[in-house]
Each structure stands twice: as C-alpha cells, then as structure tokens.
Number of protein chains: 2
Amino acid sequence: MVVDQLRETELDRLFQAFADSTRRDIVRRVTVTEYSVSGLAALYAMSFAAVQKHVAVLERASLVTKEKRGREQIVRGNHEGLQKARWLLDEYEQVWRQRAARIADILAEE
Amino acid sequence: MVVDQLRETELDRLFQAFADSTRRDIVRRVTVTEYSVSGLAALYAMSFAAVQKHVAVLERASLVTKEKRGREQIVRGNHEGLQKARWLLDEYEQVWRQRAARIADILAEE
DNA sequence: ATATCGTACAACCAAATGGTTGTAGATCAG
DNA sequence: CTGATCTACAACCATTTGGTTGTACGATAT
C-alpha cells in the first residue's frame with residue numbers, strides 16, 4: 001500500500017537520524033534545554049554548516065523543531081519522533097514475546 | 001572515554017541497521033521463524049547478494065544471528081540488539097519525562 | 001562422479017552521507 | 001549607517017551505502 005510506503009520512509013528517516021552520535025547528543029541536549037543552532041554548533045568540533053545539516057536531518061525526522069526568534073533559530077526536542085521510534089521497537093518486542101510464549105506452550109504440551 | 005566510543009559506534013550500527021525497510025522486515029520475519037539466507041532472498045525483489053549484505057548488516061548490529069546447518073546458513077532473531085535499542089530510546093524518554101516534571105513543578109510554584 | 005544448490009566474496013556503479021569552504025541575506029548593537 | 005552575528009545554501013570532496021554481476025567453493029542429490 002502507498003500509505004505503508006510513506007510510513008516506511010518515515011521510519012527510515014527516523015532511525016537514520018538516530019544512527020549518528022552527534023545527532024543523538026543534540027536530541028538529548030535540546031530535550032533538556034533549548035538551543036540556537038549556533039549555540040549547538042559551539043559544542044562540537046565541526047563547522048557550523050555541519051551542525052546545521054545535522055539539525056536539518058533531525059527536523060525532517062520529527063525529532064526536533066526549529067522556531068525563528070529574532071536572528072536566531074531556536075531548536076527544541078520534539079516528542080513525536082521519539083514516540084514513533086519507541087512504538088516501532090515496542091511492536092518488535094511484542095513479536096518477540098509472542099514467540100517466547102509460543103515456545104513455552106509447545107514445551108508445556110509434552 | 002574510549003569505552004563510550006565503542007558504545008557509540010555500536011549504537012550507530014544498531015540504528016543504521018533499522019534505517020532500512022527491507023532489514024526491518026527481515027528482523028520481523030526471523031523473530032517469528034528461522035530462515036535460510038536464500039529463503040529470505042526469495043522474499044524480496046532483489047539479488048541474493050543484496051539480501052546477503054542486509055543480513056550481514058543485521059548480524060554486525062547484533063539484531064540477528066547466523067548458524068551454519070549443512071550447506072545452509074540459518075538466520076534467527078537476536079534479542080540482544082533489539083533490547084539495546086529499546087534501552088536507549090527509553091533513556092531518552094526518561095529525559096523527556098524529567099523535563100515535563102520540571103516544567104510542571106515550575107508551574108505549580110506560582 | 002557430476003550437476004545443482006546455498007553461500008561467500010570481489011569488483012563495480014550510482015546515489016546518499018558527513019564533512020568542508022565560501023557567499024549572501026537578515027537581524028541586531030553601537 | 002556600519003559592523004558583527006546568525007542563518008541558509010551552494011559547491012565540492014571522500015567515504016559509505018545499497019544495489020548489481022560474476023566467480024569460486026563446500027555440501028547435497030542423482
């Protein structure tokens with residue numbers, strides 16, 4: 001289905017976004033406190049543009065929001081993306097538990 | 001720290017592995033039933049070698065195990081990787097909840 | 001013994017990723 | 001107004017990724 005396709009690429013972006021330690025660190029920080037993009041850039045040993053790109057990746061993945069304030073762009077954590085990722089992994093955990101239960105049933109049948 | 005570095009690249013591999021719909025599908029399937037690599041390959045519209053590579057990525061991320069049986073290689077789900085990914089996201093959720101609680105406290109103070 | 005099956009692996013390719021520098025447009029401070 | 005600051009974005013580069021085909025080799029079946 002087409003809808004599923006959208007959901008899949010959404011998940012691609014989500015997990016892709018998490019697959020970088022700098023980005024994971026950014027997510028952690030902006031969950032606690034808001035930062036400007038340059039405020040974030042000051043934290044890492046890379047160029048402003050590089051951090052800017054990381055923030056863009058996180059924004060596309062709904063893990064972060066940006067809001068203009070004066071000449072700054074304020075970055076904040078976005079619970080939405082995190083929840084979706086957790087929801088998917090919980091589903092997988094569910095499948096795993098069902099399998100464990102099934103195996104337990106089979107063992108009990110003998 | 002060096003240990004942290006190892007942990008970070010481990011997480012990189014984990015989330016990178018999840019960032020592909022074919023690989024997510026493989027993880028789901030091999031959690032329910034075991035498959036040979038060629039058995040998996042038959043399911044997707046891509047070459048055997050491509051699926052083989054996907055399985056290798058999942059194995060490196062501890063999301064799957066391979067075991068030789070005769071001329072086949074049996075692929076099974078590995079709970080270890082999934083647990084680590086869930087654990088990390090739970091940590092992030094925890095940070096989020098602390099923030100929410102802090103905000104609630106501030107509002108209550110007035 | 002020979003052909004077939006399942007796997008591994010190398011070589012190759014196009015596209016994406018993660019980084020850089022440079023340029024330009026807003027916004028703010030003096 | 002001028003200069004400094006914050007951001008956006010383009011162009012470029014090396015490496016990785018996700019795919020391909022082809023070759024080789026052990027295990028199985030006839």
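The sequence lines fix the lettering, A, B, ..., with proteins before strands; numbering per chain opens at 1. Reckoned from all heavy atoms, side chains included, excluding hydrogens, waters and symmetry mates.
In terms of phosphate contacts, B/Gln52 brings a side-chain nitrogen or oxygen within less than 4.0 Å of OP1 or OP2 of C/dA8. For C/dG19, one of the phosphate oxygens OP1 or OP2 lies less than 4.0 angstrom from a side-chain nitrogen or oxygen of A/His54. The side chain of A/Lys66 contributes an N or O atom lying less than 4.0 Å from OP1 or OP2 of D/dA8.
In this structure, B/Ala41 reaches neither bases nor backbone, as no heavy-atom distance under 4.0 Å exists between it and the strands shown. Residue contacts shown for B/Arg69 are absent, as no nucleic acid heavy atom lies under 4.0 Å away. Across all strands shown, A/Ser47 has heavy atoms under 4.0 Å from base atoms, whether or not it also approaches the sugar-phosphate. Nucleic acid contact for A/Thr22: none, since no nucleic acid atom lies under 4.0 Å from a heavy atom of the residue.
Distance from the side chain of B/Gln73 is smallest to C/dT7 among C/dT7, C/dT20, C/dG18. Closest to the side chain of B/Ala50, out of C/dT7, D/dT20, C/dG19, is D/dT20.
Between B/Leu14 and A/Phe18 there is no side-chain heavy-atom pair separated by less than 4.5 Å.
In this structure, A/Arg71 places its CZ atom 12 Å from P of D/dA4, rounding to the nearest Å. When rounded to the nearest whole Å, the span between CZ of A/Phe48 and C1' of C/dT21 equals 14 Å. Residue A/Arg13 contributes atom CZ, which lies 10 Å from atom P of C/dT17 at whole-angstrom precision.
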(Q) Go through it in stages, so that I can follow the logic: the residues are A/Phe48 and A/Val37, the test is side chain to side chain contact (heavy atoms under 4.5 Å, CB included), and I'd like the CA-CA distance, side-chain angles, deciding distance and then a yes or no. (A) CA-CA 8 Å; A/Phe48 172 83; A/Val37 178; 3.7 Å; yes
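Rounded to the nearest 0.5 angstrom, B/Gln16 CD and B/Leu11 CG are separated by 12.5 Å.
A pairwise comparison of heavy atoms in B/Val95 and A/Arg28 identifies CG1-O, 4.4 Å as the closest pair.
Of the two residues contacting DNA chain D, namely A/Ile74 and A/Lys53, the nearest-nucleotide position lying further toward the 5' end is that of A/Ile74.
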